[in-house]
Amino acid sequence: MSRKITVIGAGNVGATIAYTLSLDDVASEIVLIDINKDKVEGEVMDIVQGTSFREPISVIAGDYADAAGSDIVIITSGVGRKPGQTRIDLAQTNVNILKSITPEIVKYAPNALYVIVANPVDVMTYVFTKISGLPESQILGSGTILDTSRLRYDLSDHFKIAQNNIHAYVFGEHGDTSFIPWSLASVSGCDLDLYEELMTTKGTEPLDKEATLKYVQKSGGEIIAKKGATFYAVSVSVMKILKKLTAAYDSFATVSSLMHGEYGVEDVCLSAMTVIGPNGVKGKVPVKLTAEEEEKMRFSANALKAVIAQLDI
């Protein structure tokens, strides 16, 4: 099936997403756009020189006009986090970049599904939703799908069991107010607490839930401190979203989209269980949380709203 995907931003994340896309069959055409023409042309040259080992695919360095007819547009443009910097520290700078990009890309690709990846992703998703003029169903942020992947890796490593047997999620902000709704966590249908109890009788150390949350929230910053940027895991996470958006049926994912009263949260974008598929976002699924978890969701929402209130949108 012919499918065109445009990636805006050829920095570490955008270029890695384009490269990861080129290895898969999700797209038949990839357009990579960046204000730095030499950088984007170099990235595309590097990518296309490896495509002889796969079925034919078109990968070009383009301008906004080349995005016309795109099925999906991925926005990664923005300044990356520096060591010691939070995603929220980037907010106004990256919002300004998004404000310049939005009218240009929407003009040429008004019918595309938009995946916002640039940080702070929940703020950027909210701003794009408000200024793009597009239906909400066409817009989602990568949200906590990466955080969820980090959680499942950590649990998998602790229990020494395959990650695809672990069903656990991260909700809220993609950042320091994210939380793990442990009430939803299971291992192939077995409640996680019961599974842990069973495993501790077999010699497994008890799970330190606070340490797990810290790993989810802080490992990105640790990677940045060690190597300067994160881009591999986020690119694979975005690919997971793209496969859900191009599948025959809808799926669930912890992606960021506008809230409409779920858990008492309105007018902010953050991650909860969401139905996404070939027609975009169908809305949040109000899975039952504990009272404490619902309070954490509201706390995360209020933290994001406080940031948004300070921005020039």
Side-chain angles (χ1 to χ4, degrees), residues 3-36 39-40 43-44 47 57-80 94 97-98 100-102 104-129 132 134 137-146 149 174 229-247 253 255-257 269 271 274 276-278 280-281:
R3 189 176 291 114
K4 184 174 183 177
I5 298 179
T6 293
V7 181
I8 301 179
N12 287 321
V13 173
T16 307
I17 289 173
Y19 170 66
T20 309
L21 267 172
S22 77
L23 300 177
D24 208 288
D25 59 0
V26 171
S28 54
E29 296 179 68
I30 301 169
V31 180
L32 187 58
I33 299 173
D34 196 278
I35 194 170
N36 186 334
K39 176 71 160 60
V40 72
E43 294 290 359
V44 167
I47 290 170
I57 185 172
S58 168
V59 186
I60 68 166
D63 294 310
Y64 290 114
D66 296 301
S70 293
D71 298 286
I72 297 172
V73 174
I74 304 163
I75 298 180
T76 73
S77 297
V79 178
N94 285 354
I97 293 171
L98 183 65
S100 69
I101 289 170
T102 300
E104 295 297 321
I105 187 62
V106 169
K107 177 169 64 176
Y108 291 106
N111 299 315
L113 301 179
Y114 282 79
V115 180
I116 313 301
V117 182
N119 274 319
V121 66
D122 302 291
V123 173
M124 298 287 273
T125 304
Y126 178 83
V127 172
F128 188 83
T129 301
S132 67
L134 297 176
S137 60
Q138 290 179 226
I139 305 164
L140 62 90
S142 53
T144 60
I145 197 159
L146 172 57
S149 180
H174 175 51
T230 64
F231 41 91
Y232 296 138
V234 67
S235 297
V236 176
S237 299
V238 170
M239 281 296 300
K240 184 72 171 178
I241 293 172
L242 298 181
K243 289 192 173 185
K244 291 177 183 292
L245 293 178
T246 56
V255 294
S256 187
S257 62
C269 291
S271 292
T274 309
I276 64 173
V281 180

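Since the model is a prediction, treat every value here as computed from it, not as a measurement.
- In this structure, I57 and S28 have side chains that are not in contact, with every pair of non-hydrogen atoms separated by 4.5 Å or more.
- Looking at V115 and L140, their side chains come closer than 4.5 Å, going by heavy atoms from C-beta outward.
- Closest non-hydrogen pair, S256 versus S271, comes out as N-OG, 3.4 Å.
- Using a 4.5 Å heavy-atom cutoff, the side chains of S142 and V255 are not in contact.
- Residue S132 holds its OG atom at 13.0 Å from CD1 of I101, rounded to the nearest 0.5 Å.
- With respect to V31, the side chain to side chain contact (heavy atoms under 4.5 Å, CB included) criterion is satisfied by exactly one of V73, V44, I60, I8: I60.
- Across all their heavy atoms, T76 and V117 have their closest contact at CG2-CB, 4.1 Å.
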Exercise for review: Dump the intermediate steps for side chain to side chain contact (heavy atoms under 4.5 Å, CB included) on V238 and L146, then the final yes or no.
Suggested key: CA-CA 8 Å; V238 170; L146 172 57; over 6 Å; no
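- Remark: the backbone N or O of D63 is not paired with any side-chain donor or acceptor of E104 at under 3.5 angstrom.
- The backbone N or O of A10 lies less than 3.5 Å from a partner atom in the side chain of K39, making a donor-acceptor pair.
- For the side chain to side chain contact (heavy atoms under 4.5 Å, CB included) with I75, the lone residue among V7, L98, I97, I33 that qualifies is L98.
- With rounding to the nearest 0.5 angstrom, the CD1 atom of I72 is 6.0 Å from the OG1 atom of T246.
- Here the closest non-hydrogen pair linking A253 and K244 is CB-CD, 3.9 Å.
- Results of the side chain to side chain contact (heavy atoms under 4.5 Å, CB included) test with M239 over I17, D24, L23 single out D24 as the only residue that passes.
- To the nearest 0.5 angstrom, Y19 atom OH is 12.5 Å from F231 atom CZ.
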Exercise for review: Apply the test side chain to side chain contact (heavy atoms under 4.5 Å, CB included) to residues T6 and I74: give CA-CA distance (whole Å), side-chain angles for both, the deciding distance (0.1 Å), then the verdict.
Suggested key: CA-CA 6 Å; T6 293; I74 304 163; over 6 Å; no
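- Atom-to-atom distance recorded for S237:OG and L242:CG is 11.0 Å, nearest 0.5 angstrom.
- A donor-acceptor contact shorter than 3.5 Å is absent between the side chain of Q138 and the backbone of G280.
- Note: S77 OG to M124 CE = 8.0 Å, rounded to the nearest 0.5 Å.
- Between A27 and I5 the shortest heavy-atom distance is CB-CD1, 3.8 Å.
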Review point. Passes side chain to side chain contact (heavy atoms under 4.5 Å, CB included), I30 versus S22? Steps please.
Key: CA-CA 8 Å; I30 301 169; S22 77; 4.3 Å; yes
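- Side chain of N94 to backbone of G78: no donor-acceptor contact under 3.5 angstrom is found.
- For the pair I105 and Y114, the tightest heavy-atom approach, listed with the atom from each and the gap, is O-OH, 3.4 Å.
- Across all non-hydrogen atoms, the minimal contact from R3 to D71 is CA-OD2, 3.4 Å.
- Looking only at side-chain heavy atoms (C-beta outward), N119 and H174 come within less than 4.5 Å of each other.
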Exercise for review: Apply side chain to side chain contact (heavy atoms under 4.5 Å, CB included) to I139 and V281, showing your working.
Suggested key: CA-CA 7 Å; I139 305 164; V281 180; over 6 Å; no
